[in-house]
Amino acid sequence: MIDVELRETIAAGIKRAQRHGDLPSFDVPADIPVEHPRQVDMGDYATPVCMQLARYARMAPVAIAAALVRYMKLPEYIAEATVAHPGFINFRLSERWLAEQVNAILSAGESLGQLDLGEGTRVQVEYVSANPTGPLHMGSARNAVLGDSLAAVLQSAGYDVQREYYVNDAGSRMQVFYQTAYARYAQAFGRDFPVPEDGYHGAYMVDLGQQLADQLGDALLALDPGEATPRVGALALESVIAQARDDLAAMGVHYDCWFSEASLYADGQFDAIMSLLRQGGYLDVHDGAVWFTATQLGGSKDEVIVRSDGSPGYFASDIAYHYNKFVERRFDRVIDVWGADHQGHVPRMNHMMEALGLDPSRLTLVLYQLVTLKRGGEIVRLSKRTGDMITLREVIDEVGPDAMRYFLLSRSADSQMEFDLDLAVAQSDENPVYYIQYAHARLSSILRHAIELSDSEADVSLLTHPAELTLIRRMIQLPEIIQLAAEQLAPHHLAYYAYELASDVHAFYRDCRVVSSDPADRAVGSARIRLVRACQAVLRRVLEIMGMTAPDTM
RNA sequence: GCCCCGGUAGCUCAGAUGGAUAGAGCAACUGCCUUCUAAGCAGUGGGUCCCGGGUUCGAGUCCUGGCCGGGGCACCA
């Protein structure tokens, strides 16, 4: 990539200047900063390195910059390097080279935006993984969008990515869920069977009870509730998972694997990690429970693994699950996407990795701040147990999957966000989603009108208009945006990039006529058609990574 | 009390390993459709980057002490 090559160019320039005695001897910095200047008219790339070197060289930054400019051997795509106060070197891309990139983008085809940073590293992204005790709510929406886009970004960056949903089908809450399901099932036949005090009182459970009644008939009512509950529960679980799958699919979120927590116990993974921890001396028994001694690894307190009633806690599953990910399934790297309400678990997860003899840096926990939902100016609570909640499906149906994904993606995971449903719906015509998609539709429209014009003979060197060059400059940023998003695990950069690209498209549309009846415009028109096609490819690729559609008409 | 995340324009938010005059959308105001889609374009106004100290040639960015908002500190997940 360009910034990497410029770093080398600068480093080589420093050494050459030193050899010729125009710079004093000092170590070339390992990491030479290359950035984009604030203003485009300053140049395409810049380095402030001379200001850092001033103290070692005992020279004025501008003088160092001047020496460097003399000695750097510029790559062919750099038209010029200039010195700017107080010591920047600005690099300007060759316009000829820029125009040529249109062809490069088109010939990239399917591999457009495909990097090899990951070098095929096997990475798993686990996201959503909500308890299967009811419909997904809006909190999970942010998780889904983040995780799915992260997976797409990493794929594009050259990682071998697997997308996974962890089905928490073994926790103690599940028993309560099963009991609730049974109660609603029985009630569907007019039986007066109570929903547990700490059960799930949402209306959806009534519907589910009815559905179960329709599917199972009343045969199970004859059994003892203790016997019937697991059977009703199993079907209820199946139904909830199927619904989650559907709801996520409605947002374009799909998984490679739905992993069952219960299977960890059936397959003996739990027993395996227990003996592993015991051998490592990380287990302690007191107060009737089995503890993981996180304190000996620097933790603030020990953690219960097996409760005094003999049942394993969720942390037991977490350990077995991650053992499974790293040891059984041999992922090089695992990324779990969690809501900020789980942030207290981060230290113990790292301690767990250490105790299992795994490098904690192989596990990354991406935390996102919680979404506050507002409707009618009031904050909507997201508790499943009270039943007063806004479901994921409800919002998708209201604002559409594209808007949903864009809104949730366009803010960094670290910032808590307010999702105003009324606003999202009311402003749907003025929203950035349509701005971006409209840019794509406009390009499609041009191509429809240009159907009789061929770009096979196009001479891209005719692309010299400022609006064309601005657009191309943006287009070639795709790889570095993908790299940035992949390195920071921050897909929101894509949303901003897509918006800026769309903005450049709209400006190009205004300034540069593509289809013309005047024969004199034929050559440039054909070059522009090629630009339009290349630009569409870039726009489509970003939208694809974000999980959004690229409509041809709007 | 301790830990994590925020605090940037009226509102919602960007701001890459510390760099040049801190950006965008929405909202407000002013213009622009006889030619490829006006879901668009051009322009105007709008800032003690929460406050104090520190590091640095240089701080919205790093360190430190406060303030405010959110989340967490269970034999719940």
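Here is how names work: the chains are called A, B, and so on, in the same order as the sequence lines, proteins then strands, and each is numbered from 1. These figures come from a predicted structure and were not determined experimentally.
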>> Both A:L367 and A:Y45 contact RNA chain B. Taking the nearest nucleotide for each, which residue is further toward the 5' end?
In response: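 On the 5' side of the pair lies A:L367.
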
>> Quick check: on RNA chain B, is the nucleotide nearest A:I481 upstream (toward 5') of the one nearest A:Y314, or the reverse? Name the residue that is more 5'.
In response: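 The answer here is A:I481.
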
Side-chain donor-acceptor distances from residues 296-305 of chain A under 3.5 Å, at least two apart:
from   : atom 1 : to     : atom 2 : distance (Å)
A:Q296 : OE1    : A:T293 : OG1    : 2.5
A:K301 : NZ     : A:E303 : OE1    : 3.3
A:K301 : NZ     : A:E303 : OE2    : 3.3
A:D302 : OD1    : A:A294 : N      : 3.2
A:D302 : OD1    : A:T295 : N      : 3.1
A:D302 : OD1    : A:T295 : OG1    : 2.6
A:E303 : OE2    : A:R348 : NE     : 3.4

Round to a whole Å and report the spacing from [atom1] of [X] to [atom2] of [N].
X	N	atom1	atom2	answer
A:Q369	B:rC4	CD	C1'	8 Å
A:H85	B:rG58	NE2	P	18 Å
A:R448	B:rC36	CZ	C1'	10 Å
A:Y406	B:rC26	OH	P	11 Å
A:Q437	B:rA39	CD	C1'	10 Å
A:H36	B:rA20	NE2	P	14 Å
A:R442	B:rA38	CZ	C1'	7 Å
A:D318	B:rA77	CG	P	10 Å

Base, sugar-phosphate, or nothing for [X], non-hydrogen atoms under 4.0 angstrom?
X	value
A:D414	sugar-phosphate
A:D41	nothing
A:D552	base
A:D287	base
A:Q52	base
A:V34	base
A:A413	nothing
A:F88	base
A:A84	base
A:T553	base
A:P86	nothing
A:A289	base
A:C50	nothing

> When you measure from every atom of RNA chain B, which of residues 513-536 of chain A have a heavy atom less than 4.0 Å away?
Replying inline: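 Heavy-atom contacts with RNA chain B come from A:R513, A:V514, A:V515.
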
> Taking NZ, NE, NH1 and NH2 as the nitrogens, is one of them in A:R92 or A:D44 under 4.0 Å from a carboxylate oxygen of the other?
Replying inline: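 No, A:R92 and A:D44 are not salt-bridged.
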
> Hey, is A:K325 close enough to A:E126 for a salt bridge, meaning N to O under 4.0 Å?
Replying inline: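 A salt bridge links A:K325 with A:E126.
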
> Ring centroid separation for A:F315 and A:F292, is it under 6.0 angstrom?
Replying inline: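 Yes, close enough.
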
>> If you take the centroid of each ring, where Trp contributes its six-membered ring, are A:Y321 and A:Y166 closer together than 6.0 Å?
In response: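 Yes, close enough.
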
> Any side chain to side chain donor-acceptor pair (under 3.5 Å) pairs touching residues 524-535 of chain A, not counting sequence neighbours?
Replying inline: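 Found A:N103-A:R530, A:D455-A:R533, A:E468-A:R528.
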
Complementary nucleotide for [N] - Watson-Crick or wobble, under 3.5 Å:
N	answer
B:rC57	B:rG19
B:rG65	B:rC51
B:rA38	none
B:rU44	B:rA28

Strictly by modelled atom types, are [X] and [Y] linked by a side-chain donor-acceptor pair under 3.5 Å?
X	Y	answer
A:Y200	A:R173	yes
A:Q369	A:D414	no
A:D336	A:H322	yes
A:S317	A:E261	yes

Out of [options], which has the shortest distance to the side chain of [X]?
X	options	value
A:M417	B:rG23, B:rC13, B:rC41	B:rC13
A:R411	B:rU12, B:rG71, B:rG23	B:rU12
A:H492	B:rU17, B:rA14, B:rC36	B:rA14
A:V304	B:rA42, B:rA77, B:rC75	B:rC75
A:P432	B:rG23, B:rG25, B:rG71	B:rG25
A:Y434	B:rA39, B:rC13, B:rG72	B:rA39
A:K301	B:rA74, B:rA77, B:rA16	B:rA74

Is it the case that [N] (base atoms only) and [X] (side chain only) share a donor and an acceptor within less than 3.5 Å, ignoring hydrogens and angles?
X	N	result
A:S415	B:rC13	no
A:H345	B:rA77	yes
A:D511	B:rA42	no
A:Q416	B:rG71	no

> Could A:R442 and A:Y509 be counted as a cation-pi pair, given that NZ or CZ must be under 6.0 Å from the ring centre and within 45° of the axis?
Replying inline: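 Positive - A:R442 is close enough to the ring of A:Y509 and near enough to its axis.
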
Kindly say if [X] contacts the phosphate of [N], meaning a side-chain N or O under 4.0 Å from OP1 or OP2.
X	N	answer
A:T372	B:rG70	no
A:S300	B:rC73	no
A:Y509	B:rA38	yes

> Mind telling me whether B:rC33 is syn or anti, cutoff 90° either side of 0?
Replying inline: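 Base orientation: syn.
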
> When the C1' atoms of B:rC13 and B:rG6 are considered, how many whole Å apart are they?
Replying inline: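 One C1' to the other, the span is 12 Å.
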
